[in-house]
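The structure's right below; bear with me while I get my questions together.
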Amino acid sequence: MTDLQPIFPLDKPVIIAGPCSAETEEQVMETARGLAANGIKIFRAGIWKPRTKPGGFEGVGEAGLPWLTRVKDETGMRIATEVATRAHVLSAIEAGMDLLWIGARTSANPFAMQEVADAIAESGKDVAVLVKNPVNPDLELWIGALQRIYNAGVRRLGAIHRGFSAYGKHLYRNVPQWRIPIELRRRYPDLPIICDPSHIGGKRELVGPLSQQALDMGFDGLIIESHCNPDCALSDKSQQVTPEVLNYLLDTIVVRDTTASTENLALLRHEIDRIDNDLVELLAKRMEVSRDIGQYKKEHRMPILQAQRYDTILSSRVKQGQQMDMSGEFMRTVFSAIHEESVRQQIEIFNSRI
Ligand code: PEP
Ligand code: MN
């Protein structure tokens, strides 16, 4: 993907804001006026909403397109919406959409991506396109989706990092796995990457810190959900902020102008922070399983310490680590410490009354 062009001639960071979904003309206009008054230049709103389960609010459909056109006419903001089919692309372009984005459920599907890419080529319009990462943490699939759009002739192309679905409860709605967009940046340094802190965090309080983190890591912009009355939103209400709160958030964010070398260093340090974070989460998960084993041993009157099992674990982990260029001594230290803590946690279980 060479000869890429800026999505719009705007200063970095590029800020895209607007409601998760267009719900009524009034809600769209009120939100848009609030955002335009605060200097936002690109307005987003979902017209067709992919929902995980049937029965949710699936968007107002084509009826909402003229509302976005009105936003453009009355506020001068550029307008953006999500597309997933040929029909979406053609009617969105017809309505004067300046920017199309492709959602995470669509970018995971090569057939749908190709249909969207073909429709963009068919329209013959020079439209800007942002491709969200697929729901699953698959960088190649994300790149493949971007390439399909690139091959359709789009040069004002970028990526949106919105985090990845994971089973179980997490701090984030979609776990960020920052190393994936960082690797995308390494491979395609000219491809703009926009962060979507609203869908990563899933809660209002996380939007600010995630936005700061993304900019510190050298992302080119942010796409943030904003609604004039978030508590009454028909979709994603807990992560939307009012235009006023968004203005406050953007005012508090520090945009660091870094030179190439310090930016790289900051990127790498952030990656280390992320990995340490993952390590701690994984260790906690391991301890949880250990406690379950402790409970089982207690119920079955088995002793905590099973020397042979410990021995097998230790030697297999040491070997595995050595194959990955880590010293045997280091692996032994790490795994004996982990084992020691597991035993301590199981003793706690044995000593508890239940
Ligand atoms: C959205 O941007 O409102 C949306 C549906 O996001 P995603 O595709 O990231 O889930
Ligand atoms: Mn949303």
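Every number for a ligand or one of its atoms is a count from 1 in the order of the listing. These numbers come from a predicted model, not from an experiment.
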Query raised in the report: Is it true that Phe219 and Trp178 have ring centroids separated by less than 6.0 Å?
Result: yes
Query raised in the report: Just by modelled atom types, is the Cys228 backbone N or O under 3.5 Å from a matching donor or acceptor in the Thr31 side chain?
Result: yes
Query raised in the report: For Asp236 and ligand 1, does the shortest N/O to N/O distance drop below 3.5 Å?
Result: no
Report task. Specify the protein heavy atom at minimum distance from atom 6 (O) of ligand 1: its residue, its atom name, and the distance to 0.1 Å. Result -> Lys132 NZ, 2.8 Å
**Report entry** Closest protein heavy atom to atom 4 (C) of ligand 1, given as residue, atom name and distance to 0.1 Å
**Finding:** His199 NE2, 3.5 Å
Requested in this report: Taking the six-membered ring of Tyr150 (Phe, Tyr or Trp), confirm whether the NZ or CZ of Arg155 is under 6.0 Å from its centre and within 45° of its axis.
Outcome: yes
Requested in this report: Would you check whether Cys20 reaches within less than 4.0 Å of ligand 1, judged by its heavy atoms?
Outcome: yes
Query raised in the report: For ligand 1, is there an N or O atom under 3.5 Å from any N or O atom of Asp196?
Result: no
Query raised in the report: Which protein non-hydrogen atom lies closest to atom 5 (C) of ligand 1, naming both residue and atom, and how far is it?
Result: Glu82 OE1, 3.5 Å
**Report entry** Atoms in ligand 1 flagged as close to Glu225, the criterion being non-hydrogen separation under 4.0 Å
**Finding:** 1 (C), 3 (O)
Report summary line: Quick note on ligand 1: atoms under 4.0 Å from a heavy atom of Arg105 include exactly 7 (P), 8 (O), 10 (O)
Query raised in the report: Donor-acceptor pair, His161 side chain versus Pro176 backbone, under 3.5 Å?
Result: yes
Query raised in the report: Which ligand 1 atoms are under 4.0 Å away from a heavy-atom of Ala104?
Result: 8 (O)
Requested in this report: Provide the number and element of each atom of ligand 1 under 4.0 Å from a heavy atom of Gly103.
Outcome: 8 (O)
Query raised in the report: Are side-chain N/O atoms of His199 and Glu225 paired as donor and acceptor at under 3.5 Å?
Result: yes
Report summary line: Under 4.0 Å from one or more heavy atoms of Arg162, ligand 1 contributes atoms 7 (P), 9 (O), 10 (O)
Report task. For Gln345 and Ser290, test the side chains for any donor-to-acceptor distance below 3.5 angstrom and give the result as yes or no. Result -> no
Report task. Just jot down the ligand 1 atoms closer than 4.0 angstrom to any heavy atom of Lys49, in number order. Result -> 1 (C), 3 (O), 5 (C)
**Report entry** 4.5 Å side-chain heavy-atom contact, Asn133 and Pro181
**Finding:** no
**Report entry** Atom indices of ligand 1 within 4.0 angstrom of Arg44 heavy atoms, with elements
**Finding:** 1 (C), 2 (O), 3 (O)
Query raised in the report: Cut-off 3.5 Å, side chains only: do Glu281 and Asn277 have a donor facing an acceptor?
Result: no
Requested in this report: Kindly give the atom name of the N, O or S atom of Glu225 closest to the Mn ion (ligand 2).
Outcome: OE2
Requested in this report: Apply salt bridge (charged side-chain N to carboxylate O under 4.0 Å, His left out) to the pair Glu183 and Arg186, showing each step before the final yes or no.
Outcome: CA-CA 5 Å; Glu183 174 62 11; Arg186 193 186 67 76; 2.8 Å; yes
Query raised in the report: Would a distance-only check, ignoring hydrogens and angles, find a side-chain to backbone donor-acceptor pair under 3.5 Å from Glu23 to Leu234?
Result: yes
Query raised in the report: Taking the Mn ion (ligand 2) as the vertex, what is the angle from OD2 of Asp236 to NE2 of His199, given to 10 degrees?
Result: 90°
